[in-house]
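Before any comments, here is the structure.
Computed from heavy atoms alone, side chains included, the values below leave out hydrogens, waters and symmetry copies. Model, not experiment: these values are computed from the prediction.
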Amino acid sequence: MRNVDIKNYKATEKLKLSNKPTEETFGESDKKLKKELEEIREELGDFQDTLYAHGKYSVLICLQGMDTSGKDSLIREIFKDFNARGVVVHSFKVPTELERKHDYLWRHYIALPAKGKFGVFNRTHYENVLVTRVHPEYIMGEHIPGVHSVADIDDAFWDKRFEQINNFEKHIAENGTLIYKFYLHLSKEEQRQRLLRRLDLKEKNWKFSPGDLKERKLWDSYQEYYEDAINRTSKTHAPWYVVPADNKKGARVIVASILLQELKKYKDIKEPELNDKIKANLELYKTQLESE
């Protein structure tokens with residue numbers, strides 16, 4: 001089973017996305033990568049059982065990436081061996097009317113995983129410093145005091161928002177949530193090919209939206225703001241990992257391996273021991289059941 005070199009992906013210093021690779025196969029075939037993922041996810045499934053029994057930590061996995069970067073299929077493939085009740089996936093879309101009546105972090109806070117569970121955010125609270133920076137007019141729908149026009153959304157506004165996000169993550173980390181953030185780093189050419197497949201294959205037509213092409217024209221702006229967000233918010237308690245995403249099977253192996261290696265560092269996460277009285281009477285309980 002492969003243990004990827006985490007330092008190749010962890011954002012620990014000022015990074016330039018343009019210097020990061022967008023494809024990784026480890027020189028292996030798709031078949032071999034699929035087999036490696038199966039081995040890793042089986043161990044992750046076992047860890048989830050232990051995490052649930054231990055009951056003192058939760059795990060939050062944040063996935064971000066450009067359209068077509070493979071977030072949905074990555075979730076499907078990595079968590080196949082989990083108890084269905086042990087992992088909850090939230091896909092955050094355009095805020096609802098109710099959500100707009102609260103601060104922008106509210107809908108994310110109430111979706112956090114309970115202790116003993118994994119939570120996956122498919123798109124995350126970072127949309128509030130990514131999409132809204134590309135389209136600052138969206139901020140107006142939040143009805144923030146003092147923000148009367150797009151002109152009021154200046155650098156100080158974004159500085160404060162990044163401070164709020166960092167404080168949010170620090171708070172939940174200090175209260176037992178283990179946070180892992182993954183940016184699926186896709187090349188512009190690979191996105192073009194994936195969009196074309198959505199148009200060419202009838203069964204994938206439903207995934208295509210003309211809006212995808214509109215957003216694609218803003219590629220450079222998105223890259224700039226992703227880079228800034230990662231650099232500002234990759235912390236020891238809430239690290240970012242930049243994962244090459246042009247090869248989906250390679251990306252899945254990387255994410256799963258990083259999760260398994262990092263989670264194994266928590267040696268205190270283990271199944272609780274029976275109290276002495278119950279342990280002393282195990283044979284008695286067994287005899288009672290066998291004699292029925």
Within 6.0 Å of CG in Asp155, more than 12 heavy atoms from elsewhere: no

Under the side chain to side chain donor-acceptor pair (under 3.5 Å) criterion, do Glu24 and His185 qualify, and how do the steps go? CA-CA 11 Å; Glu24 179 60 84; His185 189 28; over 6 Å; no

Does a side-chain heavy-atom distance below 4.5 Å link Thr233 with Lys181? yes

Do His237 and Glu174 pair up side chain to side chain, a donor and an acceptor below 3.5 Å, judged on atom types alone? no

Answer yes if the side chains of Glu77 and Ser73 hold a donor-acceptor pair under 3.5 Å, and no otherwise. no

What's the spacing between Thr68 OG1 and Leu186 CG if we round to 0.5 Å? 4.5 Å

Lys56/Asp268 ion pair, N-O < 4.0 Å: no

CG on Leu263 to CG on Leu51, rounded to 0.5 Å: 8.0 Å

Could you work out, with salt bridge (charged side-chain N to carboxylate O under 4.0 Å, His left out) as the rule, every residue matching Glu142, not counting sequence neighbours? Arg161

Would you check if Ile144 and Asp152 make a side-chain contact, meaning some heavy-atom pair closer than 4.5 Å? no

Distance-only, no hydrogens or angles: does the Ser187 side chain make a donor-acceptor pair with backbone N or O of Thr22 under 3.5 Å? no

Check whether any side-chain heavy atom of Pro113 lies under 4.5 Å from a side-chain heavy atom of Leu60, and answer yes or no. yes

I want to check something: taking the side chain as every heavy atom from C-beta on, are Glu169 and Lys235 in contact at a cut-off of under 4.5 Å? no

List the atom of Ile230, the atom of Ala11, and the distance in Å for their closest heavy-atom pair. CG2-CB, 3.7 Å

Evaluate whether atom NZ of Lys270 has more than 12 neighbouring non-hydrogen atoms of other residues, nucleotides or ligands under 6.0 angstrom away. no

Has the side chain of Asn281 got a donor or acceptor atom that lies under 3.5 Å from a matching backbone atom of Leu284? no

From the list Phe182, Tyr180, Tyr126, ring-ring contact (aromatic ring centres under 6.0 Å, His included) with Trp240 holds only for Tyr126

If every non-hydrogen atom of Arg123 is compared with every non-hydrogen atom of Asp67, which pair is closest and at what distance? NH2-OD1, 2.6 Å

Regarding Gln164 and His125, is there a side-chain donor-to-acceptor distance under 3.5 Å anywhere? no

Thr236: what forms a side-chain contact (heavy atoms from CB on, under 4.5 Å) with it, not counting sequence neighbours? none

Atom OH of residue position Tyr109 - does it have more than 12 heavy atoms of other residues, nucleotides or ligands inside 6.0 Å? no

Tell me if the NZ atom of Lys286 is crowded by more than 12 foreign heavy atoms within 6.0 Å. no

Can you see which heavy atom on Lys71 is nearest to which on Ser69, and at what distance? NZ-OG, 3.5 Å

By side-chain contact (heavy atoms from CB on, under 4.5 Å) - contacts of Glu97 (at least two apart): Lys101

Evaluate the ring planes of His90 and Phe92, with Trp represented by its six-membered ring, and classify them as parallel (under 30°), tilted (30 to 60°) or perpendicular (over 60°). parallel

Knowing that exactly one of Arg197, Glu190, Glu189 qualifies, which makes a side chain to side chain donor-acceptor pair (under 3.5 Å) with Gln193? Glu189

For Lys115, the salt bridge (charged side-chain N to carboxylate O under 4.0 Å, His left out) test, sequence neighbours excluded, returns none

Validation row: Asn128, Tyr138 side chains within 4.5 angstrom (heavy atoms): no

Partners meeting salt bridge (charged side-chain N to carboxylate O under 4.0 Å, His left out) with Arg216 (sequence neighbours left out): none

Between Thr25 and Leu33, which heavy-atom pair has the shortest distance, and what is it? O-CD2, 3.7 Å

List the atom of Val129, the atom of Ala229, and the distance in Å for their closest heavy-atom pair. CG2-CB, 4.4 Å

Return the orientation label for the His108 and Phe121 ring planes: parallel under 30°, perpendicular over 60°, tilted otherwise. tilted

Sorted by chain and residue number, the salt bridge (charged side-chain N to carboxylate O under 4.0 Å, His left out) partners of Asp30 (sequence neighbours excluded) come out as none

Do other residues, nucleotides or ligands put more than 12 heavy atoms under 6.0 Å from the CD atom of Glu273? no

Side chains of Asn83 and Asp49: any donor to acceptor distance under 3.5 Å? no

Using the ring-ring contact (aromatic ring centres under 6.0 Å, His included) definition, which of the options Phe47, Tyr266, Tyr52, Phe118 pairs with Tyr57? Tyr266

Ignoring hydrogens and angles, state whether a donor on the side chain of Glu262 or Tyr241 is under 3.5 Å from an acceptor on the partner side chain. yes

To the nearest 0.5 Å, atom CD of Glu36 lies from atom CG of Asn3 at 10.0 Å

If we count only N and O atoms by modelled type, under 3.5 Å, do the side chains of Arg107 and Thr96 hold a donor and an acceptor together? no

Is there a side-chain contact between Leu17 and Tyr183, using heavy atoms and a 4.5 Å cut-off? yes

Gln64 and Tyr226: side chain donor to acceptor below 3.5 Å: yes

Using side-chain contact (heavy atoms from CB on, under 4.5 Å) as the criterion, point out the one residue from Glu39, Arg41, Lys34 that pairs with Leu37. Arg41

Rounded distance [0.5 Å steps], CD1 in Ile61 versus CG in Asn122: 12.0 Å

Taking atom CG of Leu130 and atom OG of Ser221, what is their separation to the nearest 0.5 Å? 11.5 Å

Go through the side-chain N and O atoms of Tyr104 and Thr132 and say whether any donor and acceptor fall under 3.5 Å apart. no

Closest non-hydrogen contact found for Asn8 with Lys20 is O-NZ, 3.7 Å

When rounded to the nearest 0.5 angstrom, what distance separates CG in Asp228 from CZ in Arg133? 4.5 Å

Could you check whether Glu227 and Gln223, counting side-chain N and O atoms only, form a donor-acceptor pair closer than 3.5 Å? no

